Amino acid sequence: MRLFHAFLAALAAFVASALPAAAQSIDAAVNAAFENATGWYVNLIFASLPGTNIPWIVGWLVIGAFVFSFYFGFVQFRWVGHAIKLVKGDYSDPNDAGEVSHFQALATALSGTVGLGNIAGVAVAVGIGGPGATFWMILAGLLGMATKFTECTLGVKYRNEFPDGRVSGGPMYYLTRGFEERGLPGGMILAVGFSIFTILGALGGGNMFQANQAHQQIAGVVGDFPGWITGVIFATVVFIVIVGGIKSIAKVTEKVVPFMGILYVLAALVIILANIDQVGTAFARIFEGAFTGLGVAGGMVGALIQGFRRAAFSNEAGIGSAAIAHSAVKTKEPVTEGFVALLEPFIDTVVICTMTALVIIISDQLVVDPETGLFVTENGQIVTQTGSSGVALTSDAFATAFSWFPVVLSIAVVLFAFSTMLSWSYYGLKAWTFLFGEGKTKELIFKLIFCFFVIVGAAVSLDPVIAFSDAALFSMAIFNVLGLYFLMPLVRKELRSYSARLKSGEIRPVKH
Amino acid sequence: MPGKLIVGYDGSPAARRAVDFAAAAARAQDASLVIAHVLEWSPYSFLTKEEIEERHARRRDELRRAEDAVIAPVRERLASTGLKVETMIAYGHSAEKLCALAGETGATQIVVGRDGNGGLASRMFGSTAGSLVQIAPLPCTIVP
């Protein structure tokens, strides 16, 4: 309780310092300081490949996904049926009831990835890259399934089972132990690098960005008000959950968020079905746009970059976060969780993101020049009917069918943002304890830092902060994907052994 | 072949009445008893990341607690009857799991108690006794 008072006092001090009058100058100062400190790094991560305007980091993720797809013989298509059977529990030993099921591991991982990326990210991709971006997004999602398969198999194989019975894992463990097992040097360096950027990614993309977007959404509904108010409320609730240990809030979120996701998909489906005659045209635009750009900035390449970038953002394939979420499943075969995990980019990107894109395209939000049939652009953005972008664009698109939808969407966005924050507070904490060890005080320090950044994220809507968040999130992939190249033979061994035993009948479905 | 009665037991007064009834019936028929405690569980529920991390440890604790607080006392109570008693603890949907355990143990009858207040919740979601009546593959006795 004393801690809580201390936290409140700190909050009050922060709030006082962020009073509107002072806010302007503080904003500007923070902005400049932040940009000076991180600008070079953001530029480095998003630097273009020589002679192109493709950011190398996007290429890095896509090449990785290609390599894993070929190396595992397109595991994402050949094993998808088996993955669904695993999720249904067809292969689960009934004596393991009460342990974490495949379904539960998948659901918790999905709750971390389904969120703003599917709502705001897609709108950004389509708003800049046009309908064609959808094609590249779907392709990136399909390829990303192989990356998820690889990282989540390793996540289970090299997870940590603590003496007190807790089970957790992730890239930091497979990078160290996997490299050790293969007799390779450098695993520790990759693991430490990954952990540092996981902490930064957790504070940035997994926290500040979420708080910021949630505030924008609330302000959009109730009218503009200072961001720190949203920040303080969010930070307090996050504090209560992660420091106060009030599990019920997390539990409620964990149960409401899937229903929000289902409601979102249903609403999109209704709009798509009601306009089924336009779906053919929409897909024609998607294919045409994918290869011509249909007038968007950067043409085909512009569409491609937007599609790939937002897909990576949305499904986090290669980032390494999913490997943490999936690692506690009860199974004797690590590769089974790999199969289950490959469903994640499919659900997240191929299904949900595509639906958002279709609704935006069908509802004619993007302004087309009637003479040329090309999109009208301004400052690199496609001009929209209402002048909106991001979440607001998705909201406007849904509102053409259901006028009440923006309110539901606002609630969904806030809940998604909150659940993504809780997920990333967990990922960040796991990276933190990997670096500094477990312990109440050490963990508390991270949690307090995390809560503080919620306020910062909501209060200052700064492009450099967002840019840095993105850069940190993608940096996790540098270490993770590099490690995956060295560890993929281990995964192939698992895959071959499992496949052989499945064929011989040694592994059979369990009768329930 | 001597009969075998499986009793769904959760430590409640209704469950104790069911055990008493089953014990009397078993004595009369020269049958044996299986006391089954089912911990409500669905593999399709949603868990938070911390719950997932702690699940394995929690399960261990839950099983230990069920053994100490639910099963041990009833085993003690039945010790004096001289009946042959098996006990088991399992995770699952109470009614479905009870039917599955009945099959596995080769039971000939299922006995459960009911608390008798058909409140709103049991109207909406059904009760263990109610579901058993619908799905039990064996004769089923419900002790009020």
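Order of the sequence lines fixes the chain letters, A, B, ..., with proteins taken first and strands second; residue numbering starts at 1 for each chain. Just so you know, these numbers come straight off a predicted model, no measurement behind them.
Side chain of B:Lys49 to backbone of A:Thr108: a donor-acceptor contact under 3.5 angstrom is found. Under a 3.5 Å cut-off, the side chain of A:Arg166 and the backbone N or O of B:Ala57 do not form any donor-acceptor pair.
Looking at A:Val87, only its backbone comes within 4.5 Å of chain B, counting heavy atoms on both sides. With a threshold of 4.5 angstrom between heavy atoms, A:Ser423 approaches chain B through its backbone and through its side chain. Proximity to chain A is absent for every atom of B:Glu62, based on heavy atoms less than 4.5 angstrom apart.
The CD1 atom of B:Ile52 sits 9.0 Å away from the OG atom of A:Ser327 when rounded to the nearest 0.5 Å.
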### Task
Apply the test side-chain contact (heavy atoms from CB on, under 4.5 Å) to residues A:Gln104 and B:Glu51: give CA-CA distance (whole Å), side-chain angles for both, the deciding distance (0.1 Å), then the verdict.
CA-CA 10 Å; A:Gln104 286 163 333; B:Glu51 283 177 313; over 6 Å; no
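Counting non-hydrogen atoms of neighbouring residues, nucleotides and ligands closer than 6.0 angstrom, the CZ atom of A:Phe436 exceeds 12 such neighbours.
A donor-acceptor pair shorter than 3.5 Å cannot be found between the side chains of B:Tyr91 and A:Glu99.
For the pair B:Glu53 and A:Lys430, the minimum side-chain heavy-atom distance is below 4.5 Å.
Residues A:Ser101 and B:Pro43 come closest through the heavy atom pair OG-O, 2.6 Å.
Most heavy-atom pairs under 4.5 Å with chain B: of the set A:Asn95, A:Asp164, A:Val329, this distinction falls to A:Asp164. When B:Ser45, B:Ser42, B:Gly92 are compared by the number of non-hydrogen pairs under 4.5 Å with chain A, B:Ser45 comes out ahead.
Classified by interplanar angle (parallel below 30°, tilted 30° to 60°, perpendicular above 60°), the ring pair A:Phe103/B:Phe46 is tilted.
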